[in-house]
Amino acid sequence: MPTITLPNGDKKSFDKPVSARDVAASIGAGLAKAAIGAKIDGELRDLSTMIDKDVSLAIITAPKPGQAASPDALYLMRHSAAHVMAEAIQDVVGKEVLLAYGPPTDTGFFYDMYVPEGKKISSDHFDAINNRMAEIIKEDRAFTRYEQPGNEGLSRLKSEGNKYKVDNAERAMGMPSSVYKGGKPAFAESSTSSVANSAASSLSFYATGTPGKNWEDLCRGPHVPSTSRIGAARVMSLASAYWHGDENSDRLIRVYGTAFATQAELDEYLRQREEAAKRDHRVIGKNLRLFHIDETVGQGLILWTPKGSIVRKELQTFIAAELKKQGYTEVFTPHIGSLDLYKTSGHFPYYKDSQFPPIIERQTLDKLCTEGCSCADMMRRVEGVSQRLADGINERTRATTIAADRIMADDKLIEGFMLKPMNCPHHAKIFGSSPHSYRDMPVRLAEFGTVYRWEQSGELNGLTRVRGFTQDDAHLFCTEEQIPAEVQGCLSLVKTIFATLGMKEYRVRVGLRDPDSSKYTGSAESWDKAEAACIAAAQSLGVSFSKEPGEAAFYGPKIDFVVKDVIGREWQLGTVQVDYQMGNRFDLSYIGPDNKPHRPVVIHRAPFGSMERFCGVLIEHFAGAFPTWLSPEQVRVLPISEKSFDYADKVAAALRAADVRVSVDSGNDRIQAKVKVAADDKVPYMLIVGPNDEATSAVSLRIRGRANNLGVWPTGEFVRAISEEIGSRKTDYVLNQFIVYKKTSGGAKEMPL
RNA sequence: GCCGCUGUAGCUCAGUGGUAGAGCGCACCCUUGGUAAGGGUGAGGCCAUGGGUUCAAUCCCCAUCAGCGGCUCCA
């Protein structure tokens, strides 16, 4: 006698077990028709799932025309599409392809498969696979679930000779894998891949059609009722992946695909991908000559060309001005620091894998050579030192105070320098170089500081993942009471800058400590206060934020910024981190009202991450069409013919005098070609000048992407308007002024209001 | 770092076991023009680097480097 509670609170009672489909039908024929799955007590299940006890139930429906599919609906469709794709691949490429693991993802799904020697999947197969998928979807075969007792199912899988499925089954049944020998945690532990319920005394299979007759797969489900409910699906790309993500294990082919409720949505998704590809900052950066990466200089090292340098510098000037308003003081520090410094800070040897190796002093090198120390010896020595220091630091981090000199005295075998991986040690030394009273706090030291990190070569990517980058860094040395206000200040800075750049959508993640872990330094009481401050600050922003326990650094809670660009992609930028540890490591203090020394808390903050990444994100956000104040070239004057070159120069000189970045296209192309080129170069304003304009001391205005051939406007007025737009970092100001001008005046000779 | 794909003119890309082509860009000439490409001529390449196979390699094989797509990683 199950009683079923619906999402609106209604209850329905039945006198015998019913399927979710039956419940949908009892509510309405329309709902039953639209239903593709069910959420039973919060868990996504097949529509055919039988219900024999009291539960809460939500029917998952295919979206109505024009409506977006729910995440649950997409999940069902994509998980089902993975089966369809796998079947299609086995039809097209061969049954020898062994299936491993095929879950849905955020944007689609993939299926990892083992392709035996002699067989190959390539993009040449995509058309055939897509066609076969379309056929299967059209055949509208039912996804039919059936269960087999665990041992029976297992021996069946073993007889089929697919060790990957055997492994999945064994894991699902809570058994140690008899086939996978790797040491890494299994991906099969995630809920999407488990093929049985937690009890797992039986295994579930899904036939795409009739069991024993049609294609089948070991699978936990759930699925849509039948293949036609998938809507539209498509194979997207190939990549390699390892079994269990373990590089010592079998190499599998990962075939990516995606599915949507309708072909129109799939087409739209593909269109968006094209749009995103067009915005690729690496492509735009090359076309617009914004930056250059030269393999002779080194991977992941950015050469900022003149145009890109303007964008970066303008951005930096803007951020610096905001920092000044907030009471920051600017400092400069060198790009390297001695190893001792990083032993104190813990960077060496803690993070040695993500840093460039030490720069050894000539004296030390000479000494080592004289001793007959080979490179291998030296590496071992560095490793040995590293290990001992790491062990020592590990032990000591539990103590509330670590005397810097104790760590520094630990080992003098290796002396030298490191390219700095962070700016904080230098800043801590600046703070520590003079006495501080509580009356001076907080001390806010800001630096656009360049740091170097050893990113794995496969991670490097344009401007967004590099080995040398300049952080918009600052360290706020403050009292514990000042934490909330300082964190708040960091967030308001971010808000101002995002607002100016038109990045309206962003969210923050507040990383909190894992309550069950003891790896954190500092007292529970301090943590509570700092976490509360971070949460309160995030709340006050008025944007969405999430609390993420376990995501804090070991030395304090943090706030991460994730910004959404105009086409909806998210980018992780910078962080604000509260640090209780650094004051101890560097033995920093300020004198409190009690005339005794106190430890300052340090807030690290680089809200935009790095200038490199932020510029990369901005290039994609604006698709290279920067607002006027950021544009490398703000105005291009296009003379109609040689006759107007002198006048064009005069116009350009007037703009230049007003600090506008302007150039003159004095090529001998026709005006059409000059307009085309200026548009390709994404110059915000084109001033077309010919004899007519010269006669009236005017310019013919054309605005990038907004309006063509706006007609004439007095030169002086344009200079005034664009100066206003640039000075206030606005967009559209010139256009708006022009519209006002056109409305209120009859022609070019009159002045606008 | 691992796997796969790629590397030909400044850029985007064709192409061939007998040492190379297009379009754009660049230079020059004609054209002197009114809002998204006027016409012509020309310069420009050790075909990523190093080995090998071959009478002969840009092409086939191996290695290296770099880029791309993934995986893993990101204090």
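Labels below follow one simple rule: chain letters A, B, ... track the order of the sequence lines, proteins then strands, and each chain is numbered from 1. Just so it is clear, the model here is predicted, and its values are computed rather than measured.
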Go through the N and O atoms of the side chain of Q456(A) and the base of C71(B), and report whether any donor-acceptor pair is under 3.5 Å. no
Taking the C1' atom in each of C71(B) and U8(B), what is the distance between them to the nearest angstrom? 31 Å
Partner set under side chain to side chain donor-acceptor pair (under 3.5 Å) for K420(A), not counting sequence neighbours: T333(A), N423(A)
Using nucleotides 42-51 of chain B, report all nitrogen or oxygen pairs with the protein that are shorter than 3.5 Å.
none

Mind checking side chain to side chain donor-acceptor pair (under 3.5 Å) for Q572(A) and listing every partner two or more places apart, or none if nothing turns up? R509(A)
More 5' along RNA chain B: Y555(A) or G300(A), using each one's nearest nucleotide? G300(A)
Taking the cut-offs as 6.0 angstrom to the six-membered ring centre and 45 degrees off its axis, would you call R467(A) and W454(A) a cation-pi pair? yes
Respond yes when some side-chain nitrogen or oxygen of S457(A) is under 4.0 Å from OP1 or OP2 of G1(B), and no when none is. yes
With under 30° as parallel and over 60° as perpendicular, where do the rings of Y452(A) and H335(A) fit, or are they tilted in between? tilted
If you measure from the P atom in C68(B) to the same atom in C11(B), how many Å do you get, rounded? 15 Å
For A679(A), which contact category applies under a 4.0 Å heavy-atom criterion: base, sugar-phosphate, or nothing? base
In whole Å, I'd like the distance from the CG atom of D294(A) to the C1' atom of C65(B). 13 Å
Could you verify whether a donor N or O on one side chain and an acceptor N or O on the other, from S338(A) and D340(A), lie under 3.5 Å apart? no
With sequence neighbours left out, the residues meeting side-chain contact (heavy atoms from CB on, under 4.5 Å) with D280(A) are R282(A), V283(A), E620(A)
Could you tell me whether a side-chain N or O of D472(A) sits under 3.5 Å from a main-chain N or O of F608(A), the two making a donor and an acceptor? yes
Let me know the distance between CG of N461(A) and P of U72(B), rounded to the nearest Å. 16 Å
How close or far is atom C1' of A75(B) from atom NE2 of H475(A), stated in whole angstroms? 12 Å
Quantified in whole Å, what is the C1' atom distance between nucleotide C47(B) and nucleotide A20(B)? 8 Å
By salt bridge (charged side-chain N to carboxylate O under 4.0 Å, His left out), K650(A) pairs with (sequence neighbours left out) none
Listed nucleotide nearest any side-chain atom of Y256(A), set G1(B), A75(B), G70(B): G70(B)
Protein-nucleotide distance (D560(A), atom CG; C74(B), atom P), rounded to Å: 13 Å
When the C1' atoms of G69(B) and A57(B) are compared, how many Å lie between them, rounded to an integer? 30 Å
Under-3.5 Å N/O pairs linking protein and nucleotides 9-11 of chain B:
{"from": "G10(B)", "atom 1": "O2'", "to": "R289(A)", "atom 2": "NH2", "distance (Å)": "3.3"}

Distance between P atoms of G34(B) and G23(B) (Å, rounded): 27 Å
What is the distance, rounded to the nearest whole Å, between atom CG of L463(A) and atom C1' of G67(B)? 15 Å
Aromatic rings F110(A) and Y101(A): how do their planes relate, parallel, tilted or perpendicular, breaks at 30° and 60°? perpendicular
Output a table of donor-acceptor pairs, distance under 3.5 Å, between side-chain atoms of residues 673-686 of chain A and any protein atom two or more places apart or on a different chain; print 'none' if there are none.
{"from": "K674(A)", "atom 1": "NZ", "to": "P639(A)", "atom 2": "O", "distance (Å)": "3.0"}
{"from": "K674(A)", "atom 1": "NZ", "to": "D665(A)", "atom 2": "O", "distance (Å)": "3.1"}
{"from": "K674(A)", "atom 1": "NZ", "to": "G667(A)", "atom 2": "O", "distance (Å)": "3.1"}
{"from": "K676(A)", "atom 1": "NZ", "to": "D680(A)", "atom 2": "OD2", "distance (Å)": "2.6"}
{"from": "D681(A)", "atom 1": "OD2", "to": "R636(A)", "atom 2": "NH1", "distance (Å)": "3.3"}
{"from": "D681(A)", "atom 1": "OD2", "to": "R636(A)", "atom 2": "NH2", "distance (Å)": "2.8"}
{"from": "Y685(A)", "atom 1": "OH", "to": "E725(A)", "atom 2": "OE1", "distance (Å)": "2.8"}
{"from": "Y685(A)", "atom 1": "OH", "to": "E725(A)", "atom 2": "OE2", "distance (Å)": "2.9"}

Audit row: S345(A), M582(A), side-chain contact (heavy atoms from CB on, under 4.5 Å) steps and yes/no: CA-CA 7 Å; S345(A) 69; M582(A) 199 160 101; over 6 Å; no
Expressed as a whole number of Å, how far does the P atom of G44(B) sit from that of C28(B)? 16 Å
Specify whether W304(A) and F291(A) have parallel, tilted or perpendicular ring planes, treating 30° as the upper limit for parallel and 60° as the lower limit for perpendicular. tilted
Backbone N or O of T628(A) within a donor-acceptor pair of the Q634(A) side chain at under 3.5 Å? yes
Using atom CD of E455(A) as one end and atom P of G67(B) as the other, report the distance to the nearest whole Å. 13 Å
In whole Å, measure the gap between the P atoms of G7(B) and A43(B) for me. 28 Å
The answer to which of R453(A) and G458(A) contacts RNA chain B further toward the 5' end, by nearest nucleotide, is G458(A)
Whole angstroms only, please: what is the CD-P distance between Q471(A) and C74(B)? 17 Å
Please convert RNA chain B into dot-bracket. A pair counts if it is Watson-Crick or G-U wobble with both distances under 3.5 Å; crossing pairs go in [ ] and bases paired with another strand get |. (((((((..((((....[..)))).(((((.......))))).....(((((..]....))))))))))))....
Considering every strand and a 4.0 Å limit on heavy-atom distances, what is the contact class for R282(A): base, sugar-phosphate, or nothing? sugar-phosphate
L460(A) CG to C73(B) P, straight-line distance once rounded to whole Å: 17 Å
Phosphate-side-chain proximity, R465(A) and G67(B), N/O vs OP1/OP2 below 4.0 Å: no
Using the C1' atom in both, what is the distance from U53(B) to C61(B), to the nearest Å? 7 Å
At under 4.0 Å between heavy atoms, which parts of nucleotides 22-35 of chain B does protein reach? Answer with one letter per nucleotide, 5' to 3': B base, S sugar-phosphate only, - none. --------BBBBBB
Partners passing side chain to side chain donor-acceptor pair (under 3.5 Å) against N461(A) (at least two apart in sequence or in another chain): T464(A)
Side-chain donor-acceptor distances from residues 548-558 of chain A under 3.5 Å, at least two apart:
{"from": "E548(A)", "atom 1": "OE2", "to": "S546(A)", "atom 2": "OG", "distance (Å)": "3.0"}
{"from": "Y555(A)", "atom 1": "OH", "to": "Q577(A)", "atom 2": "OE1", "distance (Å)": "2.4"}

Does G67(B) have OP1 or OP2 sitting under 4.0 Å from an N or O in the side chain of Q299(A)? yes
Set of residues satisfying side-chain contact (heavy atoms from CB on, under 4.5 Å) with respect to Q672(A), sequence neighbours excluded: R670(A)
